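Below is one structure, written out as C-alpha cells; the observations come after it.
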Amino acid sequence: MITAERLREIAFWSAELTLDEIERARRGISEKAFAKGAYICHKGDKLDPWLGVIYGLVRLGTVTQKGKTVTLAGMRAGIWFGEGSVLKKEPRQYDLVALRDVKLAMMGSATFFWLFENSAGFNRFLVKQFNERIGQFIALVEFDRSLDATGKVARNIAWLCNPVLVPKADNQLDITQEEIGLISGVSRQAVNGALQLLEQKKLLRVGHGGITILDLDALNRYED
DNA sequence: GCATTAACAGCCG
DNA sequence: CGGCTGTTAATGC
C-alpha cells in the first residue's frame with residue numbers, strides 16, 4: 001500500500017482518476033526492489049500484478065526454442081506495462097530482467113480489474129496506451145524489411161522516449177551504450193557506431209552515460 | 001560483408 | 001579509481 005502522494009509521483013495515469021478511484025488504486029499498489037541482473041519473471045510464470053517502473057531499466061525479452069535470446073524492448077522509469085497478461089489472466093509471455101537496480105510498483109489484479117470495471121479515467125488511459133502500442137506495432141510491420149543495427153538502435157531509443165507511454169520523458173535519456181545494446185539486441189560496439197551516425201544526422205546528441213534526443217519523430221521512422 | 005566478441009587505451013565523474 | 005566510451009583485431013554467420 002502506498003500514499004496518495006506517492007501514487008501521484010509514480011503513476012502519471014492517476015491524474016485521470018477520481019478521488020475515490022485514487023484511494024482504491026493506492027491501496028492496491030506495493031513496491032518491490034530488484035538487484036541489477038535479477039529476473040523479475042520468466043516466460044511462462046504466473047505473475048499477478050500490473051507493473052510500473054519507478055526507477056531503473058527493465059529488459060523485456062524471450063528465448064526461442066533453439067535457445068537464441070531475443071530482446072523485444074526496454075522499459076524505463078515511468079512506464080506501466082503488462083496489462084495484456086493481467087487482462088487475459090494468462091502466464092507472462094516474456095522474461096523480465098532488471099538491467100540496473102530497479103524498483104517496481106505492483107498493482108494487484110483485483111485492483112486493476114476494479115479500475116477497469118469502474119473508472120472511466122482509467123479506461124481512457126488504457127485505450128490511449130493500447131492505441132500507442134498498436135501504432136508502434138504497425139510501424140514495425142511497415143518497415144517490413146529488417147532494420148540494420150542503426151535502425152534497431154534508433155527505434156528502441158524512440159520507444160523509450162514515447163511521450164504517450166512515458167509523459168515525463170524529456171529530451172535527456174540517461175542510459176549507457178551497453179544498456180542500449182541490451183535492449184536493442186545489438187552489441188555495444190555496434191551501438192557506438194549507430195549513435196555516431198545518428199548524431200551526424202542530427203537526430204540525437206551523444207553524451208557520457210546518456211544521450212539527448214533532437215528529433216524523436218525521425219528516430220521513430222528511421223530506416224538506413 | 002556486416003555484426004559480434006575480445007581486448008585495451010583514454011576519458012569522465 | 002571505477003565505469004563508460006571509442007577503436008582495433010580476430011572470428012562467425
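By convention in this document, chain letters (A, B, ...) are assigned in the order of the sequence lines, proteins followed by strands, and residues within each chain are numbered from 1. A quick note: this is a predicted structure, and the numbers were derived from the prediction, not measured. Below, each value reflects all heavy atoms present in this structure, side chains not excepted, and no hydrogens, waters or symmetry copies.
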Side-chain heavy atoms of Leu195(A) within contact of Val191(A), under 4.5 Å: yes
With Glu199(A), the side chain to side chain contact (heavy atoms under 4.5 Å, CB included) member among Ile211(A), Thr212(A), Val206(A): Val206(A)
Atom pairs under 3.5 Å, N or O on each side, protein against nucleotides 11-13 of chain C: can you list them with distances?
none

Smallest separation among heavy atoms of Arg92(A) and Pro49(A), with atom names: NH2-O, 2.6 Å
Parallel, tilted or perpendicular: rings of Trp50(A) and Trp80(A) (30°, 60°): tilted
Do any N or O atoms of the protein come closer than 3.5 Å to N or O atoms of nucleotides 3-5 of chain C, and which pairs are they?
residue, atom, partner, partner atom, Å
dT5(C), OP1, Gly209(A), N, 3.2
dT5(C), OP2, Gln177(A), N, 3.0

Closest non-hydrogen atom pair, Ile29(A) against Leu7(A): CD1-CD1, 3.6 Å
Bounds of contact between DNA chain B and chain A, in 5' to 3' order, using a heavy-atom cut-off under 4.0 Å: dA3(B) to dC12(B)
Touch class at under 4.0 angstrom, heavy-atom based, for Gly185(A) against every strand present: sugar-phosphate
Touch class at under 4.0 angstrom, heavy-atom based, for Gln189(A) against every strand present: base
Audit row: Phe12(A), Phe125(A), ring pair (Phe, Tyr, Trp, His ring centres under 6.0 Å) steps and yes/no: CA-CA 10 Å; Phe12(A) 66 91; Phe125(A) 155 75; 5.6 Å; yes
Taking every non-hydrogen atom, the tightest pair across Leu147(A) and Tyr222(A): CD2-O, 3.8 Å
